[in-house]
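The structure appears right after this line, and notes come after that.
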Number of protein chains: 2
Amino acid sequence: MSEVSECAVERETEHDQLLFDVFAQRCPSRATLEHLTGRWGVLAMAALHDGTFRFNELRRRVHGVSEKMLAQTLQALERDGFVHREAQHTIPPKVEYSLTDRGKRTAALLVELIHDVEAQMPDVIAANQRYDAAKNG
Amino acid sequence: MSEVSECAVERETEHDQLLFDVFAQRCPSRATLEHLTGRWGVLAMAALHDGTFRFNELRRRVHGVSEKMLAQTLQALERDGFVHREAQHTIPPKVEYSLTDRGKRTAALLVELIHDVEAQMPDVIAANQRYDAAKNG
DNA sequence: AGACTGCACTAACTTTTAGAAAGTGCAACC
DNA sequence: GGTTGCACTTTCTAAAAGTTAGTGCAGTCT
């Protein structure tokens with residue numbers, strides 16, 4: 001009954017490319033996409049698009065993120081190779097986060113999305129009001 | 001102690017534009033961004049980028065989404081004016097979902113992101129293995 | 001000198017959210 | 001006449017997010 005979709009990671013096409021599909025439930029691309037588009041993933045990537053930052057600098061940039069979630073988010077992004085982490089084992093510790101080349105490419109897309117959303121906000125707020133009025137009216 | 005950042009929605013710049021900032025904790029743009037980038041938001045938008053679909057058609061396209069979450073996601077996207085909902089009050093009911101013009105623009109960016117991620121997956125998987133090896137080695 | 005803050009986290013606990021399962025009411029299909 | 005499909009909502013449980021506290025040492029403030 002409960003069918004679980006998989007992507008054909010293992011199979012190769014005639015063009016020697018692997019097939020990944022975010023619409024397939026168990027495709028690893030879905031997890032990666034979530035790391036990038038999760039609540040804090042987008043913001044961390046966009047913040048790092050502006051340069052290299054220390055852990056607590058990022059925390060101050062991304063208002064509202066907890067230490068736990070920022071650490072968790074950065075670890076996932078580092079594991080996926082979007083973020084580079086460089087730690088100096090001094091006291092107090094100094095850890096610098098930056099984007100990898102691959103991360104920079106993807107971050108550019110996310111920044112574009114953010115700007116698009118910010119620019120649309122007046123329309124979004126108007127749409128919200130229309131929707132709520134239609135419901136309660 | 002706990003400072004909460006707000007965006008200057010109310011203030012206007014000299015160019016007569018409103019200021020929205022997703023990095024500010026209480027800026028409404030952050031909620032909107034989350035509707036789009038949330039786990040199911042991206043996939044719903046990308047699915048609708050291919051055309052008009054009924055509720056259960058979407059559910060079959062976006063593998064793994066529950067009815068509850070799909071309904072919730074579509075309602076948020078409709079309220080924000082990204083998605084258009086057209087219901088025929090027949091029995092059985094027929095409800096068709098499609099993207100608004102604004103939604104189409106934003107969906108294009110999300111689809112671009114998805115393709116970028118899918119294309120990077122071989123590198124991501126390699127990065128995962130390197131990360132795990134470095135940790136357990 | 002002694003208290004306080006900052007550094008980059010992790011661990012334990014609580015609250016919020018997501019997901020799973022069942023219910024709705026009717027009609028077409030077998 | 002039993003099953004399935006339609007588009008949801010409601011209830012309950014499992015998972016995720018958020019909150020708080022702790023680490024160990026060095027600078028800053030008083």
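The phosphate of dG18(D) (OP1 or OP2) has no side-chain N or O of Gln25(B) nearer than 4.0 angstrom. The side chain of Asn56(A) contributes no N or O atom lying less than 4.0 Å from OP1 or OP2 of dG6(C).
Contacts with DNA chain C (heavy atom under 4.0 Å) in residues 34-50 of chain B: Arg39(B), Trp40(B), listed by number.
Gln88(B) has its CD atom 10 Å from the P atom of dA7(D), to the nearest Å. Atom pair Met69(A):CE and dT10(C):C1' shows a separation of 14 Å (rounding to whole Å applied). Atom-to-atom, CZ of Arg59(B) to P of dG5(D) comes out at 11 Å; the value is rounded to the nearest Å. Rounded to an integer number of Å, the gap from NZ of Lys94(A) to C1' of dC7(C) is 12 Å. Rounded to an integer number of Å, the gap from CG of Leu74(A) to C1' of dT10(C) is 15 Å. Regarding Tyr97(B), its OH atom lies at a distance of 7 Å from the C1' atom of dA7(D), rounded to whole Å. Glu96(A) places its CD atom 13 Å from the C1' atom of dC7(C), with the value rounded to the nearest Å. Note: CZ (Phe53(B)) to C1' (dA7(D)) measures 17 Å, nearest angstrom.
Closest to the side chain of Gln72(B), from the set dA8(C), dA18(C), dA7(D), is dA18(C). Comparing dT9(D), dA7(D), dT10(C) against the side chain of Arg54(B) picks out dA7(D) as the nearest. Distances from the side chain of Arg85(B) to the nucleotides dT9(D), dA7(D), dG18(D) place dA7(D) closest.
Going from atom CD1 of Ile125(B) over to atom OG1 of Thr32(A) covers 7.5 Å, rounded to the nearest 0.5 Å. A distance of 13.0 Å separates NE2 in His35(B) from CZ in Arg30(B), rounded to the nearest 0.5 Å.
Between Phe55(B) and Ser66(A), it is Phe55(B) whose nearest contact on DNA chain D lies nearer the 5' terminus.
For the pair Glu118(A) (side chain) and Val22(B) (backbone), a donor-acceptor distance under 3.5 Å is present. Between the side chain of Thr37(A) and the backbone N or O of Gly38(B) there is no donor-acceptor pair closer than 3.5 Å. In this structure a side-chain-to-backbone donor-acceptor pair under 3.5 Å is missing from Thr73(A) to Trp40(A). Judged by distance alone, with hydrogens and angles left aside, the side-chain atoms of Thr52(B) form no donor-acceptor pair with the main-chain N or O of Ser98(B) at under 3.5 Å. Side chain of Arg26(A) to backbone of Ser5(A): no donor-acceptor contact under 3.5 angstrom is found.
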Using a 4.0 Å heavy-atom cut-off to protein, can you give one letter per nucleotide of nucleotides 21-30 of chain C, 5' to 3': B if the base is in contact, S if only the sugar-phosphate is, - if neither? -B---SS---

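Looking at Glu57(A) and Arg59(A), their side chains never come closer than 4.5 Å, going by heavy atoms from C-beta outward.
Residue-level contact check: Gln75(B) touches the backbone only, with heavy atoms under 4.0 Å from sugar-phosphate atoms and none from bases.
More than 12 non-hydrogen atoms from other residues, nucleotides or ligands lie less than 6.0 angstrom from CZ of Arg105(B).
For Gln120(B) and Arg102(A), the side-chain atoms include at least one donor-acceptor pair closer than 3.5 Å.
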